[in-house]
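Following: one structure in structure tokens, then a few remarks.
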Amino acid sequence: MLEIKQLRADLDQVTKTLAKRGFTFPVERFNALESERKTVQTYTQELQAKRNASSKQIGIAKSKGEDASTILTEVAQLGAELKKTETQLEQIQTELQKLLLNIPNLPHESAPVGKSEEDNQQTRLWGQPRTFKFEIQDHVSIGEGLGLLDFEAAAKLSGARFSLMTGSLARLHRALTQFMLDTHTQQHGYVETYVPYLVNQESLRGTGQLPKFEEDLFAVNAGGKKETEENHSPAFHLIPTAEVPITNMVRDEIVPLKSLPMQFVAHTPCFRSEAGSYGRDTRGLIRQHQFDKVELVHIVHPEHSYEALENLVGHAETILQKLELPYRVMTLCTGDMGFSAAKTYDIEVWLPAQNTYREISSCSNCEAFQARRMQARFRNEKGKPELLHTLNGSGLAVGRTLVAILENYQNADGSVTIPAVLKPYMNGLDQLSKAGGE
RNA sequence: GGAGACUUGGCCGAGUGGUCGAAGGCGCUCCCCUGCUAAGGGAGUAUGGGGUUUAUAGCCUCAUCGAGGGUUCGAAUCCCUCAGUCUCCGCCA
């Protein structure tokens with residue numbers, strides 16, 4: 001959410017900046033609502049002040065044993081008018097709030113201006129894609145060939161966009177998350193957290209998934225219960241990323257200055273409906289309704305958030321470097337960034353079978369955008385509450401990392417070499433092979 | 001699932017219809033006193049919004065005592081709904 005004061009003071013600039021990401025700010029509607037709000041609010045508050053003063057008079061009079069009936073009848077007449085104008089004010093503010101909640105964050109000035117994916121800028125390139133002397137397979141053929149990956153079974157259990165892994169492949173998946181968590185907690189100073197996978201609407205509004213992106217989520221109700229009657233909304237949503245529960249830890253909090261910066265890491269499953277991506281990445285593990293991710297979140301002082309963003313990306317990159325997987329870092333252009341982000345780096349890993357780099361991590365500085373929605377603050381140097389800056393990034397998407405390992409570490413005989421850093425997590429196993437089904 | 005108790009400011013805790021945004025205590029900040037320490041004295045100490053303003057200064061004002069609704073001229077106090085916490089019983093991994 002943007003600061004309404006900024007909109008009032010500098011609407012032109014805001015509109016221009018938002019245009020960079022292809023968003024058209026509803027200027028006329030905003031101005032109309034704002035001026036209406038101002039009149040109605042001022043009037044309402046005048047009436048309220050009058051009522052409060054008179055009620056106080058009545059109290060004083062009664063305590064002295066005097067007669068208060070004159071004032072009483074006077075105030076009684078205020079009632080209806082007040083109720084009317086209060087209702088009106090509430091409606092206007094709801095409308096304004098709705099408008100504000102649907103406006104994306106302002107892109108940072110360092111974000112390259114552009115329309116789509118095409119305009120993203122390559123910022124770093126690491127590692128050299130391996131050259132294969134044999135006909136390579138994609139991760140689906142490799143996994144299925146080894147008898148460790150079964151999409152048919154997954155489809156039977158749940159449907160499309162689910163997967164089932166068994167034996168050493170399932171273990172490799174687990175090994176990856178352990179390795180990531182250990183690296184981040186032991187080498188990068190993150191606090192490990194275990195979080196709820198079902199969250200309420202306030203949390204989703206806080207990080208920006210609601211109200212605009214409800215169709216991307218899975219909604220959940222307690223057994224037998226339908227949507228609650230009042231607002232027709234489900235009790236919970238499954239988290240689309242651990243960013244939601246972790247970041248919302250500071251919602252409605254004023255944290256002491258000395259507790260900053262905070263760095264949290266959590267491993268969770270993520271659930272996404274993938275509405276609007278029909279037909280895209282239908283094969284394999286790339287785009288699933290359920291996938292695991294190790295998520296990194298920073299809660300920081302506003303002055304240090306861009307420094308924190310660089311660190312965050314670096315932490316995610318470390319994982320790929322240790323796994324010796326080639327990747328590149330892309331700075332997303334204004335048109336390709338997510339709703340809440342002011343600046344985003346994507347890390348893309350090399351996938352030989354697709355002969356391209358694919359997103360495996362997305363690291364964003366949301367500045368105060370989420371904090372303002374969440375009322376997440378800290379007590380600054382002057383002792384005043386001030387909005388925090390929040391950042392999040394994948395470190396990394398586990399399923400896609402698994403895909404990258406299968407494809408980059410594949411051998412001519414269909415086996416897959418286990419990356420050196422993962423061996424300790426695999427009980428010393430060297431490779432995934434048909435016999436290695438455990 | 002059943003029965004009961006409860007939810008007030010950073011913390012503890014008073015407050016059952018009226019000058020209550022809220023006594024008192026602790027903590028914290030500043031000042032004074034005491035040559036250190038201990039003790040003592042004084043002042044201050046919630047958050048969000050609106051108006052005014054060059055101003056995140058000041059002034060005026062509104063809202064907030066778990067959340068939402070209601071009764072009333074007036075609600076922390078009364079009524080309803082929901083959420084959460086605690087105790088006991090049942091069930092369960």
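Every chain is numbered from 1, with letters handed out A, B, ... down the list of sequences.
The base of B:G18 is paired with the side chain of A:K62 by a donor and an acceptor separated by under 3.5 Å. On a pure distance criterion of 3.5 Å, a polar donor-acceptor pair joins the side chain of A:Q45 and the base of B:G49.
The CZ atom of A:R51 sits 10 Å away from the C1' atom of B:C62 (whole-angstrom rounding). One atom, CD of A:Q93, and another, P of B:U64, lie 14 Å apart when rounded to the nearest Å. Here the P atom of nucleotide B:G74 and the CD atom of A:Q48 are 12 Å apart, to the nearest Å. Look at OH on A:Y43: it is 16 Å from C1' on B:U61, rounded to the nearest Å. Rounded to a whole Å, the CD atom of A:E46 is 12 Å from the P atom of B:U61. Atom CD of A:Q6 and atom C1' of B:U56 are 14 Å apart (whole Å). Look at CZ on A:R37: it is 16 Å from P on B:A63, rounded to the nearest Å. The NZ atom of A:K382 sits 17 Å away from the P atom of B:C30 (whole-angstrom rounding).
Base pairing analysis places B:A43 opposite B:U29; the two distances defining the Watson-Crick or G-U wobble pair are each below 3.5 Å. If you check B:U34 for Watson-Crick or wobble pairing at under 3.5 angstrom, you find it has no partner at all. Taking a pair to require two hydrogen-bonding distances under 3.5 Å in either a Watson-Crick or a G-U wobble arrangement, B:U52 pairs with B:G58. Applying the Watson-Crick and G-U wobble criteria (two distances, each under 3.5 Å), B:U71 pairs with nothing in any strand. Checking B:G24 for Watson-Crick or G-U wobble geometry (two distances, each under 3.5 Å) identifies B:C12 as its partner. Pair assignment for B:U7 gives B:A83, based on Watson-Crick or G-U wobble hydrogen-bonding distances that are each under 3.5 Å. Pair assignment for B:U19: none, as no Watson-Crick or G-U wobble contacts are both less than 3.5 Å. Using the Watson-Crick or G-U wobble rule with both distances under 3.5 Å, B:G1 pairs with B:C89.
Within the structure, a side-chain polar atom (N or O) of A:K38 is placed less than 4.0 Å from OP1 or OP2 of B:U52. Of the side-chain N and O atoms in A:R379, none sit less than 4.0 angstrom from OP1 or OP2 of B:U29. A:N52 has no side-chain polar atom (N or O) that falls below the 4.0 Å cut-off from OP1 or OP2 of B:U61.
Ring pair A:Y190/A:H298: centre-to-centre distance below 6.0 Å.
Side-chain atoms of A:S362 do not come within 3.5 Å of backbone N or O of A:D346 as any donor-acceptor pair. The backbone N or O of A:Y278 sits nowhere less than 3.5 Å from a side-chain atom of A:T282 that would complete a donor-acceptor pair.
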Please lay out, stage by stage, how A:Y197 and A:F271 fare under the test ring-ring contact (aromatic ring centres under 6.0 Å, His included). CA-CA 9 Å; A:Y197 303 157; A:F271 303 91; 7.3 Å; no
Any chance you could lay out the salt bridge (charged side-chain N to carboxylate O under 4.0 Å, His left out) test for A:R29 and A:E95, step after step, and finish with the verdict? CA-CA 10 Å; A:R29 173 146 175 74; A:E95 282 299 303; 2.4 Å; yes
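With B:C73, B:G49, B:G48 as the candidates, the nucleotide lying closest to the side chain of A:P385 is B:G48. Closest to the side chain of A:K56, out of B:G50, B:U19, B:U47, is B:U19. Nearest to the side chain of A:K83, among B:G48, B:U71, B:C73, sits B:U71. Nearest to the side-chain atoms of A:R377 among the listed nucleotides B:G49, B:G48, B:C73 stands B:G48.
Sequence order on RNA chain B of the closest nucleotides to A:E90 and A:T44 puts A:T44 first from the 5' end.
The residue from A:R400, A:R287, A:R161 that alone fulfils the salt bridge (Lys or Arg N to Asp or Glu O under 4.0 Å) condition with A:D281 is A:R287.
Salt bridge status for A:E86 with A:K83: absent, with no side-chain N to carboxylate O gap under 4.0 Å.
Among the protein residues, A:P256 comes within range of no part of the nucleic acid, since none of its heavy atoms lies under 4.0 Å from any strand. Nucleic acid contact for A:K384: none, since no nucleic acid atom lies under 4.0 Å from a heavy atom of the residue.
The separation of B:G70 from B:A76, taken at their P atoms, amounts to 15 Å, rounded to a whole angstrom. A gap of 46 Å separates the P atoms of B:U87 and B:C31, to the nearest Å. Comparing the same atom, P, in B:A46 and in B:C11 gives a spacing of 13 Å after rounding to whole Å. Rounded to a whole angstrom, the distance from the P atom of B:U77 to that of B:U16 is 11 Å. Only the P atoms considered, B:G2 is 25 Å distant from B:C78, to the nearest whole Å.
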